[in-house]
Amino acid sequence: MPVRAEAARVIDEQQMELGSLTSWATWRQWRDKVVARYRAQGGDCPLHAALAHLGGATDATRTVAGELLGRWRRQLAAGIRHMQSSGEIAPALDADREAAALLAGIQGGVLIVMTTGGIAHLEAAIDTGIAHLRASVRRDPQRSPATRVATTRRAS
């Protein structure tokens, strides 16, 4: 399969979940889908194989990988922003940076899956990233917009 098509398939398989990261339940569904995909394929990653077949880090592989990772990061960031607007994630977090960190964890986990066949590192990376997002409201001294409104109403 051509590299660009395989890269698109990785995201397309997650699109239903990635395009609707609007609740903690949908974040969990997305997480479960990613983990299931890599659990099923184990160390056999068609995208990695296709990129490796092109021969190292050429301009072509960087472009394809950059497009895939950029698309993935933007969709994660959009989900984070949505959750920020509903008060589920602290508005002070930088959605793009959080999405980049989550994606880096996923890619590191995938590399370990490919190397060892074990899925635990990938699960830990995603679970820790989501837990960080969930805990951000409790850590944010300004809390969410919804909490500020409720606090203001109680004080009146």
Side-chain angles (χ1 to χ4, degrees), residues 1-41 45-48 50-51 54 57-115 119-151:
M1 178 176 286
V3 176
R4 196 169 299 278
E6 183 58 37
R9 189 173 72 91
V10 169
I11 296 296
D12 291 344
E13 287 178 356
Q14 305 171 38
Q15 189 55 54
M16 189 167 77
E17 292 79 11
L18 266 178
S20 62
L21 295 173
T22 59
S23 69
W24 293 120
T26 57
W27 277 87
R28 182 67 178 188
Q29 290 168 347
W30 165 75
R31 175 255 187 235
D32 290 348
K33 187 166 223 173
V34 171
V35 169
R37 181 186 203 280
Y38 286 102
R39 179 176 282 124
Q41 73 186 34
C45 180
L47 176 60
H48 176 73
L51 291 171
L54 288 178
T58 66
D59 287 341
T61 59
R62 279 190 204 95
T63 297
V64 170
E67 289 171 3
L68 168 68
L69 295 173
R71 187 173 162 203
W72 204 346
R73 183 194 50 75
R74 285 188 301 275
Q75 293 206 300
L76 288 169
I80 292 168
R81 285 187 187 93
H82 178 86
M83 297 290 283
Q84 286 174 315
S85 71
S86 67
E88 296 291 326
I89 294 176
L93 290 183
D94 179 332
D96 291 312
R97 185 171 171 80
E98 295 297 325
L102 185 54
L103 186 54
I106 291 168
Q107 290 306 300
V110 167
L111 180 61
I112 293 171
V113 170
M114 291 170 39
T115 304
I119 199 81
H121 292 83
L122 175 62
E123 289 178 306
I126 298 172
D127 292 345
T128 301
I130 292 172
H132 168 74
L133 295 172
R134 287 188 81 148
S136 68
V137 173
R138 290 190 300 273
R139 291 188 311 260
D140 185 2
Q142 296 179 0
R143 310 256 316 167
S144 69
T147 303
R148 285 195 302 267
V149 169
T151 303

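Keep in mind that this is a model prediction, so the values were computed, not measured.
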**Message:** Applying side-chain contact (heavy atoms from CB on, under 4.5 Å), can you list everything that pairs with D32, at least two apart in sequence or on another chain?
**Reply:** R28
**Asked** Donor-acceptor pair, S86 side chain versus M83 backbone, under 3.5 Å?
**Response** yes
**Request:** Find out whether L76 and L21 are in side-chain contact, i.e. whether some heavy atom of one side chain is under 4.5 Å from a heavy atom of the other.
**Result:** yes
**Request:** Run the numbers on L133 and W24 for side-chain contact (heavy atoms from CB on, under 4.5 Å), then give the verdict.
**Result:** CA-CA 10 Å; L133 295 172; W24 293 120; 3.9 Å; yes
**Fill in**
Between E17 and the options K33, Q75, Q29, the side-chain hydrogen bond (donor to acceptor under 3.5 Å, both in side chains) test singles out K33
**Message:** With side chain to side chain donor-acceptor pair (under 3.5 Å) as the rule and sequence neighbours excluded, what pairs involving residues 98-107 come up?
**Reply:** E98-H132
**Asked** Where do T26 and T22 come nearest, in terms of heavy atoms and distance?
**Response** OG1-N, 3.0 Å
**Asked** Say you draw a straight line from CG of L111 to CG of L122; how long is it, rounded to the nearest 0.5 Å?
**Response** 11.0 Å
**Request:** Answer yes or no: is there an ion pair linking E88 with R134, defined by an N-O contact shorter than 4.0 Å?
**Result:** no
**Prompt:** Do you know the tightest heavy-atom contact between S136 and A90?
**Reply:** OG-N, 2.9 Å
**Complete:** Here the gap from W27 atom CH2 to I80 atom CD1, rounded to the nearest 0.5 Å, amounts to 4.5 Å
**Request:** Would you please test D96 and R81 for side-chain contact (heavy atoms from CB on, under 4.5 Å) and show each step?
**Result:** CA-CA 9 Å; D96 291 312; R81 285 187 187 93; 2.7 Å; yes
**Request:** Could you please spell out the steps behind the side-chain contact (heavy atoms from CB on, under 4.5 Å) verdict for I126 and I106?
**Result:** CA-CA 6 Å; I126 298 172; I106 291 168; 3.6 Å; yes
**Asked** Which atom pair, heavy atoms only, marks the closest approach of A125 to G105?
**Response** CB-O, 3.3 Å
**Request:** Could you tell me whether H121 atom NE2 has more than 12 heavy atoms of other residues or ligands within 6.0 Å of it?
**Result:** no
**Prompt:** A99 and A77: which non-hydrogen atoms are nearest, and at how many Å?
**Reply:** CB-N, 3.5 Å
**Close side-chain approach of R73 to L69, heavy-atom, < 4.5 Å** = no
